[in-house]
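Since the structure comes first, as structure tokens, the remarks are kept for the end.
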Amino acid sequence: SVGVQLDPEQTGFIAVENFTSLAEHHELQLDPSKLEMLMALVESNEHGHVCYQELIELLNSKRSSSFRRAIANGRRTLQREILLDETGLGVYKRFVRYVAYEILPCETDRRWYFHQSRLCPPPVFMTIITIVQIIVFMCYGVMLNKWVLQTYQPDFMKSPLVYHPGHRAQIWRFFSYMFMHVGLEQLGFNALLQLMIGVPLEMVHGILRISLLYMAGVVAGSLTVSITDMRAPVVGGSGGVYALCSAHLANVVMNWAGMKCPYKLLRMILALVCMSSEVGRAVWLRFSPPLPSSGPQPSFMAHLSGAVVGISMGLLILRSYDESLHKQCSWWVLIFSFITFLLFAIFWNIFAYELLGVQIPPPP
């Protein structure tokens, strides 16, 4: 009956006066923030009507690009209080508000996320990945009786999880190496960033997008090493971690004025120093004199390739909050580029090692 009142002629559009009258005389099942956004959308439309489909998307907590543009154009008609001014919030809602200001650059997006955020589903992907990495590290620490620079222990490379060029035919190693770590220092750095940055990103953007970004960084890391550092193994989740961190930092820089997280310049400098130090440690470890029985040390190229994935694919994901990626041309360009890189890497791993005569260390 509401649809008949809004669009009696079934044209697909709703006259502004029809919707305004309905909103004034009927109780709509919308929270105040969502109703304010919808009224701003209606009042900012210069054609005097609103697409019925946009109304349906709003009622289903979906937002289109046209809706976002209309809200931006009608921002002056959208009466609202700053989210920070809201009082009487519980612990969970205060944490959601904190996450909104940490991740999102626009007040409208922050209020939207704050009002439609639910505890279920929780950010399980980054949490499970971190827990599994810690359990695997502790198991190998007990087995090897070594907690720092485990790669100097010859038995470390015998793990079926480590990527080793001599075992590159075992496809799972291009993924599973993310559960192994050089030592306590690398695990601590990665786990801290996964929980501090990965969990808030997953809360805002969802498990599918953040898991896709993380795994793209992991796969790109191992494939890049197999092409550019052909004799070296790979361990650690740094490819995925650097994809998340680089995407977030790039998003902060490109939306500097809109980001309201406290001490953002100091935190940006600190993050860059820590990430650069971790890369420097990986470079030092790679070119440090190896023990004869252990062979070359793990490569650092996974860090760099993860950062490239974050700046390209990750930045697009973070800038498309609650918008459909498949409707954006740039998304398909990135997918095509990644598939091309994947096919090239497969060809390289099949033929290049023999053609170039690369002397691979004997696999353990």
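Every heavy atom of this structure was used, including side-chain atoms; hydrogens, water molecules and symmetry mates were not.
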_Pair L104, Y113 - check side chain to side chain contact (heavy atoms under 4.5 Å, CB included), show working._
CA-CA 9 Å; L104 296 171; Y113 167 70; 3.8 Å; yes
_Steps toward side chain to side chain contact (heavy atoms under 4.5 Å, CB included) verdict (R168, I360)_ = CA-CA 11 Å; R168 64 186 185 279; I360 301 177; 3.3 Å; yes
Do [X] and [Y] share a hydrophobic cluster (ILVMFWY, side-chain heavy atoms under 4.5 Å, transitive)?
| X | Y | value |
| --- | --- | --- |
| I346 | F351 | yes |
| L266 | M259 | no |
| L212 | V333 | no |
| I311 | V252 | no |
| M254 | L201 | no |

*N-O pairing of E102 and R97 below 4.0 Å*: no
Could you give the distance from [atom1] ([X]) to [atom2] ([Y]), rounded to the nearest 0.5 Å?
| X | Y | atom1 | atom2 | answer |
| --- | --- | --- | --- | --- |
| I317 | L213 | CD1 | CG | 5.0 Å |
| H164 | S159 | NE2 | OG | 12.0 Å |
| F156 | Y140 | CZ | OH | 8.0 Å |
| T127 | L195 | OG1 | CG | 6.5 Å |
| L355 | I350 | CG | CD1 | 11.5 Å |
| M143 | M138 | CE | CE | 14.0 Å |

*For I135, the rest of its hydrophobic cluster, which grows through side-chain links under 4.5 angstrom*: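 Joined to I135, directly or through intermediates: I131.
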*Could you tell me whether H303 and Y242 have their ring centroids closer than 6.0 angstrom?*
yes
_Can you confirm if the aromatic rings of W348 and F344 lie within a centre distance of less than 6.0 Å?_
yes
*With a 4.5 Å heavy-atom cut-off, do R209 and S320 have their side chains touching?*
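A side-chain contact exists here, since the closest heavy-atom pair is under 4.5 Å.
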Donor-acceptor contact present, side-chain [X] to main-chain [Y], <3.5 Å:
| X | Y | result |
| --- | --- | --- |
| S312 | V309 | yes |
| W172 | L161 | no |
| R231 | V358 | no |
| E278 | C274 | no |

*Check the pair H205, L318 against side chain to side chain contact (heavy atoms under 4.5 Å, CB included), reporting the backbone distance first and the verdict last.*
CA-CA 7 Å; H205 296 280; L318 299 194; 3.5 Å; yes
*Going by atom types alone, do Y214 and Q194 pair a side-chain donor with an acceptor below 3.5 Å?*
yes
*Report yes or no: do Y177 and S222 form a side-chain donor-acceptor pair below 3.5 Å?*
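Side chains of Y177 and S222: no pair found under 3.5 Å.
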_As a quick check of understanding, evaluate side chain to side chain contact (heavy atoms under 4.5 Å, CB included) for I103 and H248, giving each step before the final call._
CA-CA 8 Å; I103 303 299; H248 179 57; 3.8 Å; yes
*Would you indicate whether F336, at its atom CZ, is surrounded by more than 12 heavy atoms from other residues, nucleotides or ligands within a distance under 6.0 Å?*
no
